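The figures here come from the full heavy-atom set of this structure, side chains too, leaving out hydrogens, waters and symmetry mates. First the proteins, then the strands, lettered A, B, ... as listed; each starts at 1. These figures come from a predicted structure and were not determined experimentally.
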Amino acid sequence: MKYKPQDIEKKWQAKWDETGVFRCPDELSAPKYYCLEMFPYPSGRIHMGHVRVYTIGDLLARFKRTRGYQVFHPVGWDAFGLPAENAAVRHKTHPAKWTWENIAFMRDQLRQMGFSYDWDREIATCSPDYYRWEQLFFLWMMKDGVAYRKRATLNWCDECQTVLANEQVNRDGTCFIHDHTPVKQKELDQWFFAITRYVEELLEGHNELAGGWPENILEMQRNWIGRSEGAEIIFPLASGEGSITVFTTRPDTLYGATFMSMAPEHPMVMEFARQSGREKEVGEFVERVSRQDRETRTGEEQVKEGVFTGGYCVNPVTGSRIPVYAANFVLYEYGTGAVMAVPAHDQRDFEFARKYNLPVVVVIQPEGEPLDDATMRAAHEGPGKMIRSGEFDGADNEEGKKAVTRYLESRGSGHATVQYRLRDWGVSRQRYWGCPIPVIHCEACGIVPVPEKDLPVILPEDIPYSRERGNPLASVEEWICVPCPECGKPARRETDTFDTFVESSWYFLRYIDPKNDKAPLDPEKMRRFAPVDQYVGGVEHACMHLIYARFFHKYLRDKGLAPGNEPFLRLLSQGMVCMQTSECPKHGWRYSEEVDEKGLCRQCGEKVIVGRSMKMSKSKRNVVEPSELIARYGADTARVFVLFAAPPERDLDWSEQGVEGAFRFLSRIYRLVVQRADAVASARLAWDDSGEVRRIRQVTHQTLLKVTGDIEERFHFNTAIAAIMEMVNSLYLVEDAAWSEPATAGALKEAVEILLHMLAPFAPHIAEELWVEIGGKDLLCTRRWPEADAAVAREEQVEVPIQVNGKIRAKITVSPDASQEEVGALVMAEPRVREHLQGKTVRKTIYVPSKLFSIVAN
RNA sequence: GCCCGGGUGGCGGAAUUGGCAGACGCACGGGACUUAAAAUCCCGAGGCCCUUAAAGCCGUGCGGGUUCGAUUCCCGCCCCGGGCACCA
């Protein structure tokens with residue numbers, strides 16, 4: 001009679017496997033529902049974060065299946081990446097071996113959780129069957145100019161010995177993998193994807209996603225893309241030859257531009273210096289600034305400084321000759337690398353001007369106290385009226401932005417434009433364990449794409465693995481040396497591989513056609529199953545994976561492969577799994593088993609400091625192993641716990657007692673059903689209309705309505721479980737005799753059947769087991785979700801609170817259909833109401849049916 | 001600095017469209033069962049006042065406002081978390 005998940009779960013996992021109930025055929029027989037969770041990196045074993053995402057996804061997949069959808073629920077492995085290489089060095093193994101062994105182990109762990117995947121569609125991105133198509137896409141992209149090579153200053157991590165995308169550099173300028181390694185700048189020839197070609201579409205697409213995606217993710221993407229409208233303005237050089245173009249969002253302040261600031265890296269800086277004989281001091285400054293790493297360069301405390309380059313240009317509207325400075329705060333990568341300086345209306349320029357005694361000219365006058373060039377203490381960046389701006393004087397500055405731009409356009413001195421923070425995506429990585437970039441470098445022909453017929457370019461297996469730094473691929477001469485496909489002379493393969501985010505940018509499409517060896521994707525199948533209806537994953541991918549994948553989808557759409565504009569219609573971004581941290585003053589972070597019952601460190605006996613709850617991580621030693629959890633309580637308990645402890649989008653605090661609670665809940669259902677199993681099995685689904693029957697059926701159908709709505713419309717899984725708990729509680733209060741009493745047995749049979757149907761997506765193993773106990777012959781997971789009967793669920797009597805002047809003074813029980821007059825009459829007869837109305841006149845009564853009766857009196 | 005979230009009992013959380021604040025669970029207390037404990041089942045519980053109960057009052061970060069009625073809407077703050085940031 002005791003609930004032993006260990007006896008139950010394996011059996012049902014095997015049964016689901018044998019019967020293939022979760023396989024999704026290529027042909028549609030019902031409306032499709034593509035449910036996807038972000039695929040795991042095969043790091044070795046699953047962690048609680050995986051348990052959480054995959055449980056949420058599985059709940060939805062299982063639920064939708066019972067709602068009549070043909071559910072497409074695949075899984076695979078994001079299998080390329082740096083940890084495999086590090087492990088190879090550490091354990092003297094091969095990255096491939098390490099990766100495939102991890103996949104095998106983790107696959108087993110996922111099966112133990114009872115997730116309803118279609119395992120026939122499993123893919124691993126490190127397999128040539130997968131990455132060969134990525135190489136083909138790359139060749140297309142080269143032809144389309146979407147993939148291109150350029151020399152660029154890039155983020156470089158000494159630890160990784162590779163280039164990083166901007167997205168992979170932490171806020172403090174460290175590497176996203178090696179949190180303590182500062183990222184350097186390095187100039188290299190690199191491959192890029194022209195994501196900026198799609199930048200407007202990436203922004204506009206947010207309209208399509210609004211509602212289906214969490215607002216904060218859209219906001220993060222908007223910030224990341226960083227669109228700003230403004231103008232490019234041409235400043236002719238004072239020498240008469242050439243010009244400098246700047247980007248500004250404030251063309252309205254152009255009349256106040258009194259000097260020019262340029263990024264130290266800008267080639268014209270040294271050009272000016274040479275011409276004016278200021279090479280020494282300018283050179284020193286440029287040298288000093290460029291030696292600074294990203295962190296110091298963009299650090300908050302960085303003082304604004306610069307040097308006069310010796311050059312002059314001309315303000316195109318005032319005609320004045322203005323000096324050109326090199327300034328450390330101007331970024332070469334953004335805009336044109338040069339900015340017009342308007343000290344009166346930009347705080348940075350203001351500080352710079354005061355430091356170097358440059359003129360400050362107020363051209364925007366705010367309402368109230370007039371600004372004074374000489375005495376103002378800070379720039380005025382807000383709105384105002386234009387002054388000292390020629391024909392624009394008196395105009396509102398917002399209007400002025402457009403007017404000045406139009407004026408510049410008419411004179412050929414500039415034009416309206418838009419700038420973005422988003423840069424093209426650098427995809428080259430100097431790594432072995434990634435997809436080879438299919439090009440060949442020939443001395444005579446230059447960069448030659450590998451011909452399609454020669455794809456895939458397969459990673460060589462035999463590689464030297466040692467502690468040597470750098471890309472091991474670069475030393476595999478027999479792989480590198482190939483004849484040039486064009487001239488046949490000896491040439492060399494590209495040894496860079498793709499950023500692993502390239503693989504994760506299209507895996508969701510490949511699941512639909514995973515075994516196709518003729519083409520990457522069959523457009524017909526894509527139209528059938530893409531896009532993803534529901535995607536589940538963590539916020540940490542808001543600006544990387546989720547932007548890259550949207551870009552890739554749009555490119556593949558343009559190639560006629562991907563349907564629709566967006567890959568993921570709905571996104572649920574789940575919170576982190578957190579746990580309290582414990583810190584020993586001597587030994588640092590402690591695992592809970594390293595602390596005794598009194599809260600002392602087992603190693604040294606010092607009092608351990610209990611810290612706040614933080615994301616589970618090995619380094620903080622606050623992790624719980626899912627395998628131990630499953631072994632002890634079973635997968636169903638793990639699933640119920642993560643779904644019940646917090647709503648999906650919020651962080652979840654791990655609690656041992658919470659897990660106990662989930663286990664107790666399942667045990668309670670188990671005992672309830674097993675004890676009554678024979679009675680339920682032999683009862684018939686029939687009932688009269690006695691009070692007891694009505695009461696039982698009312699609870700059943702009310703719960704069903706609530707649970708259905710909570711899962712389907714609100715994604716509130718915790719309250720759905722709470723409702724099931726309430727129903728179980730009420731079934732415990734039913735007299736034992738009622739279960740075998742013919743009058744009530746039918747209603748109770750219905751209750752248990754519906755209970756198990758509702759439980760199934762949350763705790764599928766126990767639900768199947770109990771389904772058999774009560775005489776079920778088929779698999780519960782293949783049955784349709786029961787339909788709630790609203791008429792049965794309806795309350796015939798409701799308790800209505802009565803407010804007198806805003807305070808609740810009494811309650812009455814009435815029919816929900818009673819009119820305001822009928823209820824009012826009862827209300828006025830209530831002694832407690834009369835008491836509070838004593839000596840007062842009723843001014844107004846309000847009745848919200850079934851909710852509240854309110855009386856205003858004075 | 002700009003932009004998003006969030007703040008509710010001892011704890012996790014609930015309150016779906018402005019309508020009974022605290023569902024459900026955890027921890028806690030009491031009872032039943034037991035020689036006993038565990039497990040299980042039942043009951044109780046926001047705070048103040050009070051021997052107890054009733055009644056009353058207070059209560060959703062703080063201060064105001066709108067409303068018959070505000071956790072929910074508006075204005076002004078405080079705190080926590082996150083994103084962006086010398087981005088011109």
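Checked against B:C84, B:C86, B:C68, the side chain of A:W224 finds its nearest nucleotide in B:C84. Side-chain proximity of A:A722 to the nucleotides B:A23, B:G83, B:C26 is greatest for B:A23. In the set B:C57, B:C3, B:A23, the nucleotide with an atom closest to the side chain of A:K807 is B:C57. Here B:A88 is the nucleotide among B:C84, B:C86, B:A88 with the atom lying nearest to any side-chain atom of A:T248.
In this structure, A:N328 and A:P264 approach most closely via the heavy-atom pair CA-CG, 4.3 Å. Closest heavy-atom contact between A:I721 and A:V640: CD1-O, 3.9 Å.
B:C78 and B:G29 have their C1' atoms separated by 37 Å, given to the nearest Å. Straight-line distance between the P atoms of B:U71 and B:U16: roughly 12 Å, to the nearest whole Å. Comparing the same atom, C1', in B:C84 and in B:G47 gives a spacing of 43 Å after rounding to whole Å. With both ends at atom C1', the span from B:G12 to B:C20 equals 24 Å, rounded to whole Å.
Not a single ring-ring contact (aromatic ring centres under 6.0 Å, His included) links A:F350 to another residue, sequence neighbours left out.
Residue-level contact check: A:Y732 touches the backbone only, with heavy atoms under 4.0 Å from sugar-phosphate atoms and none from bases. Residue contacts shown for A:R832 are limited to sugar-phosphate atoms, with no base heavy atom under 4.0 Å away. Across all strands, A:H836 comes closer than 4.0 Å only to sugar-phosphate atoms, never to a base (heavy-atom distances). Among the heavy atoms of the strands, none lies under 4.0 Å from A:D349. A:T845 comes within contact range of no nucleotide atom at all, as no heavy-atom separation falls under 4.0 Å. Looking at heavy-atom distances under 4.0 Å, A:R222 makes no contact with the nucleic acid at all.
Between A:F644 and A:F665, the distance separating the two ring centers is not shorter than 6.0 angstrom.
Atom CD of A:E219 and atom C1' of B:C4 are 6 Å apart (whole Å). Atoms CZ (A:R668) and C1' (B:U40) sit 10 Å apart, rounded to a whole Å.
Remark: A:Q797 CD is packed, more than 12 non-hydrogen atoms of other residues, nucleotides or ligands lying under 6.0 Å away.
Applying the 4.0 Å criterion to OP1 and OP2 of B:C86, one finds that A:K304 has every side-chain N and O outside that range. Between A:S228 and B:A88 there is a side-chain N or O to OP1 or OP2 distance below 4.0 Å.
Taking the nucleotide of RNA chain B with the nearest heavy atom to each of A:R809 and A:V856, the more 5' of the two is matched to A:R809.
In this structure B:G76 sits in the anti conformation; its chi angle is more than 90° from 0.
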Between protein and nucleic acid, restricted to nucleotides 64-66 of chain B and to nitrogen or oxygen atoms under 3.5 Å apart, what atom pairs and distances do you find?
none

Contacts under 3.5 Å, N or O only, protein and nucleotides 13-22 of chain B:
residue	atom	partner	partner atom	Å
B:G13	O3'	A:N718	ND2	3.4
B:A14	OP1	A:N718	ND2	3.2
B:A14	OP2	A:R650	NH2	3.1
B:A15	OP1	A:R714	NH1	3.0
B:A15	OP1	A:R714	NH2	2.9
B:U16	O4'	A:R714	NH1	3.1
B:U16	N1	A:R714	NH1	3.4
B:U16	O4	A:K706	NZ	2.7
B:G19	N2	A:Q803	OE1	3.4
B:C20	O2	A:K811	NZ	2.5

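In this pair, A:F352 and A:Y356 present their aromatic rings tilted. The plane angle is within the 30 to 60° band.
Across all strands shown, B:A39 has no partner, as no Watson-Crick or G-U wobble contact with both distances under 3.5 Å is found.
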